[in-house]
Amino acid sequence: MQTVVSGIRPTGNLHLGNYFGAIRNFVKMQEVDRCFFFIADYHSLTTHPVPNDLHGTIRNVLAEFLGTGVDPEKATLYVQSDVPEVAELTLIMNMNAYLGELLRSTSFKEKARTQPENVNAGLLTYPVLMAADIIIHKALKVPVGKDQEQHLEMTRTFAKRFNRMYHVEYFPEPLAYNFGENLVKIPGLNGSGKMGKSEGEGNAIFLIDPPEVIRKKVMRAVTDTGPAEPGQPKSEPVENLFTLISVMSDLQTLDFFEEEYQACRIRYGDLKKQLAEDIIRFTAPLREKILDIASNEDYLRKVTRLGAEKARESAAKTVKEVREIIGFKAF
Ligand code: TYM
């Protein structure tokens, strides 16, 4: 049994990218490993959410974890800010994280480019907070999507540096994990890049989207004018739709549209209709469970209390040991 940690920011509802990049693995791993899954609400503060909205968003994401099958009896499911030990470990780890490496992080550069009006210190040290989340439970495996790969590399750097600096073999080096397969990147519907909450209206399909919204979003997905000759490579928007079909539909459907494309007979409208129905078939039962759980305040309270207790026990042990390693001693 290995220790597993992963988190999701509560910046909106969960989408298919979150599901296939992260949650699907959480549900499998909780059966065999010692798992810690959390809602990364400290992380979400980089974008300054309105206090009144934040709690509701956290509640929705919590209901989404539970509705998609994360089991609080099997995994430790908690809200990050219920475990303030994470903040202390982050402060300590910040002393050995260097400005140059933080500035070079791809996600920091991307954020600095897209939100120049809000390049705060929390954005810069985001990878240190993420490393603290992971090493506070001494995790070995971190189920995440492809976009988090570099953060995991930085986590290993920080963990190794701590060990070297204090001449200990204390923190293990955690790996981004997807059952021996490549990390997943689910594309969005707007023709480029990944599915994401902040990638523009209509780019992401949320697990709680009602069927008519899913149909509308998929039908509006960007395509092209179709292949002009057999064997023509697919444009990025079309490749993205085929990736979605390969994830959401059966092999026969994928093969059918692949053949149609190769023979220049493809009708993107048909492909989209099929894709939308296959997504709805998948999300409808999840949606029902999520909505049901979201209205059950008592249950959510019970889950977060239990999770906080278990997560704090593990985190406090690490922080106590780290304090000893770095030379903080009681008088
Ligand atoms: P976040 O909240 O952006 O995304 C949560 C998880 O969903 C995955 N994901 C995707 N996977 C495949 N295709 C996509 N289009 C897609 N979009 C999102 C992400 O890879 C991630 O696994 N920094 C993290 C949250 C975090 C964390 C941690 C993760 C905080 N501390 C510690 C692991 C361990 C983030 O912003 O993920």
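Here, residue 1 is the first one in the sequence, and each next residue gets the next number. Atoms within a ligand are numbered from 1 in the order they appear, just like the ligands themselves. Given the structure is predicted, the values throughout are model-derived calculations rather than measurements.
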Please report which non-hydrogen protein atom sits nearest to [atom], along with the residue it belongs to and the distance in Å to one decimal place.
{"atom": "atom 31 (N) of ligand 1", "result": "Asp133 OD2, 2.7 Å"}
{"atom": "atom 11 (N) of ligand 1", "result": "Gly17 O, 3.2 Å"}
{"atom": "atom 30 (C) of ligand 1", "result": "His43 NE2, 3.3 Å"}
{"atom": "atom 3 (O) of ligand 1", "result": "Arg9 NH2, 2.7 Å"}
{"atom": "atom 13 (N) of ligand 1", "result": "Ile186 N, 2.8 Å"}
{"atom": "atom 37 (O) of ligand 1", "result": "Gln148 NE2, 3.6 Å"}

[X] vs [Y] side-chain heavy atoms within contact, under 4.5 Å:
{"X": "Ile135", "Y": "Tyr170", "answer": "no"}
{"X": "Arg323", "Y": "Glu88", "answer": "yes"}
{"X": "Asn163", "Y": "Lys160", "answer": "no"}
{"X": "Pro172", "Y": "Leu140", "answer": "yes"}
{"X": "Met219", "Y": "Lys273", "answer": "yes"}
{"X": "Val4", "Y": "Phe37", "answer": "yes"}

Inset, instruction - Say whether, by atom type as modelled, one donor and one acceptor occur between the side chain of Arg287 and the main chain of Ile208 under 3.5 angstrom. - result: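 Checking the backbone N and O of Ile208 against the side chain of Arg287, a donor-acceptor pair under 3.5 Å is found.
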Hey, which atoms in ligand 1 end up nearer than 4.0 Å to a heavy atom of [X]?
{"X": "Val142", "value": "33 (C), 34 (C)"}
{"X": "Gly145", "value": "11 (N), 19 (C), 20 (O), 22 (O)"}
{"X": "Ile134", "value": "32 (C), 34 (C)"}
{"X": "Lys194", "value": "15 (N)"}

Legend entry - From Val184, Asn203, Val144, Asn178 - option closest to atom 22 (O) of ligand 1 by heavy atom: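 Shortest heavy-atom distance from atom 22 (O) of ligand 1: Val144.
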Going by distance only, is there an N or O of [X] that falls short of 3.5 Å from an N or O of ligand 1?
{"X": "Met195", "result": "yes"}
{"X": "Asn18", "result": "yes"}
{"X": "Lys146", "result": "no"}
{"X": "Gly7", "result": "no"}
{"X": "Asp147", "result": "yes"}

Legend entry - Over 12 non-hydrogen atoms of neighbours within 6.0 angstrom of CZ in Phe328: no
Legend entry - CD/Glu212: more than 12 non-hydrogen atoms of other groups inside 6.0 Å: yes
Inset, instruction - Answer yes or no for Lys310 and Tyr78: cation-pi contact, defined as NZ/CZ to six-membered ring centre under 6.0 Å and angle to ring axis within 45°. - result: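 No, Lys310 and Tyr78 do not form such a contact.
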Inset, instruction - Consider ligand 1: state whether an atom of it lies below 4.0 angstrom from any non-hydrogen atom of His15. - result: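 Checking ligand 1 against His15, which is what was asked, there is a heavy-atom contact under 4.0 Å.
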Legend entry - Whether Ser6 lies under 4.0 Å from ligand 1, heavy atom: yes
Which is it for [X] and ligand 1 at heavy atoms under 4.0 Å: side chain, backbone, both or neither?
{"X": "Lys185", "value": "backbone"}
{"X": "Phe38", "value": "side chain"}
{"X": "Tyr126", "value": "side chain"}

Inset, instruction - Would you give the length of the straight line joining atom CG of Leu54 to atom NE2 of His48, rounded to the nearest 0.5 angstrom? - result: 12.5 Å
Legend entry - Charged N-O contact under 4.0 Å between Lys302 and Glu297: no
Inset, instruction - Measure the acute angle between the ring planes of His137 and Phe36, then classify it against the limits of 30° and 60° as parallel, tilted or perpendicular. - result: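 Ring orientation of His137 relative to Phe36: parallel.
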